[in-house]
Amino acid sequence: MKEIINKLNKYEIKIRKAVNSHLNGNFSSIFKGTGLEFSDLRTYQYGDDVRAIDWVASAKGQGTYVKIFKEEKEQTVFFMLDVSGSQEVGKKGNLKLDTARELCGVLTLAAIKETSQVGVYCFSDEKEAYIKPDAGMKQAYNIISRIYKLSPASLKTNLAAAISFTLNILKKKSVVILISDFLDTRYEHNLKALARKHDLVVLHVYDKREITLPDLGIIPVMDKESGNVAWVNTNSRTFKRQLRETFEENRQKLQKFCVQNRANYLDIESGSDYVASLIQLFRVRK
């Protein structure tokens, strides 16, 4: 665990320094800034944004008033980590699940260092682990230890149920970071509700084997979640094209969904150097 935490700390510092440098020292937070709460009313002044006018108070006839908002001092950051069987794809040590765990760990450290409350929900088609949001480095180490030592009880996926669980437990607007390969169906309605209620960040983890396979002839391929085995001809151009097109269609569909629902989207290949991608994500969020 000490080696893992040292590695995650190194990545977190690298990300923070890069974003800070890009913003010329004006960097305050990579998570905060979206949470605003009503503070007070004041008389309307020339130049004020008309969208801030409180029409109910103004209708009383004693003047025109605008709402004053203040930034929330403490932001809750909540991770949803997919630990289903389809995440156990890739080279040993570079599985999609390995990359997903690293992403969760790095961003947990970043959030904790900003005095944010951080929690995590690990899911398959069951509730695999849940740590209630809390602050402090002890919380960060608890989360990292839990996600790395976790042995999922189920191999299947139920994204819709996981999102429903998160919607029920988070009572105020939070930054929700969903890390998954999104190899599931019928979750879009719940994901839309999550994006409307919270500041949603979608991290789409994939493996290059989902896009292309080497020429190995006719081989058996097993669906890790269902246990079903199918024989495929990896030398077939038609098979290769269908494999690539299916992945790209699903990726574009998810990306388009995020754009339409004002959620951040980032796809990350398992085993890749994701630091630069995360830096770009935070620059976009700022």
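All residue numbers in this chain count up from 1 along the given sequence.
- Proximity of the aromatic rings of Y65 and Y44 is defined here by a centroid distance below 6.0 angstrom, and this criterion is not met.
- The side-chain heavy atoms of L81 and Y121, taken from C-beta on, include no pair separated by under 4.5 Å.
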Next item on the list: Would you please test D199 and S174 for side chain to side chain contact (heavy atoms under 4.5 Å, CB included) and show each step?
Entry: CA-CA 6 Å; D199 180 7; S174 308; over 6 Å; no

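- For the atom pair CD1 (I112) and CD (E12), the distance works out to 11.0 Å, reported to the nearest 0.5 Å.
- A 4.5 Å side-chain heavy-atom check between L203 and L178 finds every atom pair outside the cut-off.
- In terms of hydrophobic clustering, with Ile, Leu, Val, Met, Phe, Trp and Tyr side chains grouped at heavy-atom distances under 4.5 Å, I279 and L266 are assigned to a common cluster.
- Atom NZ of K156 has 12 or fewer neighbouring heavy atoms from other residues, nucleotides or ligands inside a 6.0 Å radius.
- Side-chain contact check for F257 versus K192: some heavy-atom pair is nearer than 4.5 Å.
- Between N190 and S164, the side chains place no donor N or O within less than 3.5 Å of an acceptor N or O (distance only, hydrogens not considered).
- Between F79 atom CZ and T166 atom OG1 the span is 12.5 Å, to the nearest 0.5 Å.
- Of the N and O atoms on the side chains of E102 and Y274, at least one donor lies less than 3.5 Å from an acceptor on the other residue.
- Within a 6.0 Å sphere centred on NZ of K113, heavy atoms belonging to other residues, nucleotides or ligands number more than 12.
- The two residues I219 and L216 have their closest heavy-atom pair at CG2-O, 3.5 Å.
- Across every non-hydrogen atom of C122 and I147, the tightest pair is SG-CG2, 3.8 Å.
- With sequence neighbours left out, Y187 forms a side-chain hydrogen bond (donor to acceptor under 3.5 Å, both in side chains) with no residue at all.
- Under the 3.5 Å distance criterion, the side-chain polar atoms of K171 are matched with a main-chain donor or acceptor of N168.
- Cluster membership for V118 and I4, using ILVMFWY side-chain heavy atoms within less than 4.5 angstrom, is shared.
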Item checked: Working for side chain to side chain contact (heavy atoms under 4.5 Å, CB included), residues L150 and V83 -> CA-CA 9 Å; L150 178 66; V83 295; 4.2 Å; yes

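- Ring centroids of Y130 and F123 are separated by 6.0 Å or more, keeping the two rings apart.
- One finds the CZ atom of F239 at 8.5 Å from the CD atom of Q242 (value rounded to the nearest 0.5 Å).
- The hydrophobic clustering, which links ILVMFWY residues whose side-chain heavy atoms are closer than 4.5 Å, places I169 and I163 together.
- Side-chain N/O atoms of D125 and S154 include a donor and acceptor closer than 3.5 Å.
- Here the shortest heavy-atom pairing between L95 and G90 reads CD2-O, 3.3 Å.
- The only option from E248, R241, E249 that meets the side chain to side chain contact (heavy atoms under 4.5 Å, CB included) definition with E245 turns out to be R241.
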Checklist line | V66 vs T43, side chain to side chain contact (heavy atoms under 4.5 Å, CB included): CA-CA, chis, key distance, verdict | finding: CA-CA 6 Å; V66 293; T43 305; over 6 Å; no

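- For the side chain to side chain contact (heavy atoms under 4.5 Å, CB included) test with V176, the passing option among L170, V201, L167 is L170; the others fail.
- When only modelled atom types and interatomic distance are considered, T157 and S84 share a side-chain donor-acceptor pair under 3.5 Å.
- Without hydrogens or angle criteria, S272 side chain to E269 main chain gives a donor-acceptor distance under 3.5 Å.
- At a threshold of 4.5 Å between non-hydrogen side-chain atoms, the residues L41 and K67 count as touching.
- With rounding to the nearest 0.5 angstrom, the CD1 atom of I177 is 13.0 Å from the NE2 atom of H198.
- For R42, the CZ atom counts as densely surrounded, since its 6.0 Å shell holds more than 12 non-hydrogen atoms of other residues, nucleotides or ligands.
- Cluster annotation: L103 is connected to V275 through the hydrophobic network of ILVMFWY side chains, with a link wherever side-chain heavy atoms come within less than 4.5 Å.
- Side-chain contact check for T99 versus I268: some heavy-atom pair is nearer than 4.5 Å.
- In plain terms, the two heavy atoms of K173 and Q75 that are nearest each other are O-NE2, 3.4 Å.
- Taking a cutoff of 4.0 Å between a charged side-chain nitrogen and a carboxylate oxygen, E210 and K96 qualify as a salt bridge.
- For the pair S236 (side chain) and T238 (backbone), a donor-acceptor distance under 3.5 Å is present.
- We find the OH-CG distance between Y206 and D181 to be 13.0 Å, quoted to the nearest 0.5 Å.
- Counting heavy atoms from C-beta outward, E126 and N158 have side chains that stay 4.5 Å or more apart.
- In the hydrophobic cluster analysis, where Ile, Leu, Val, Met, Phe, Trp and Tyr join through side-chain heavy atoms closer than 4.5 angstrom, F165 is grouped apart from I179.
- Across S145 and M1, no two heavy atoms sit closer than the pair CA-CE, 3.5 Å.
- When all heavy atoms of V77 and A111 are compared, the closest pair comes out as CG2-CB, 3.9 Å.
- The main-chain N or O of Q117 is never found under 3.5 Å from a side-chain atom of Q139 such that the two would form a donor-acceptor pair.
- F282 places a side-chain heavy atom less than 4.5 Å from the side chain of I15.
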Checklist line | V175 vs N264, side chain to side chain contact (heavy atoms under 4.5 Å, CB included): CA-CA, chis, key distance, verdict | finding: CA-CA 11 Å; V175 176; N264 293 111; over 6 Å; no

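- Between H204 and Y265, the ring planes are tilted. Angles from 30° to 60° get that label.
- Side-chain contact between V120 and F78 is absent, with no heavy atoms from C-beta onward closer than 4.5 Å.
- Atoms CG and CG, from L183 and D82 in turn, are 8.5 Å apart once rounded to the nearest 0.5 Å.
- Listed by chain and residue number, D207 satisfy the side-chain hydrogen bond (donor to acceptor under 3.5 Å, both in side chains) test with R209 (two or more places apart in sequence, or in another chain).
- Put simply, the residue from D215, N233, T234 that forms a side-chain hydrogen bond (donor to acceptor under 3.5 Å, both in side chains) with K240 is D215.
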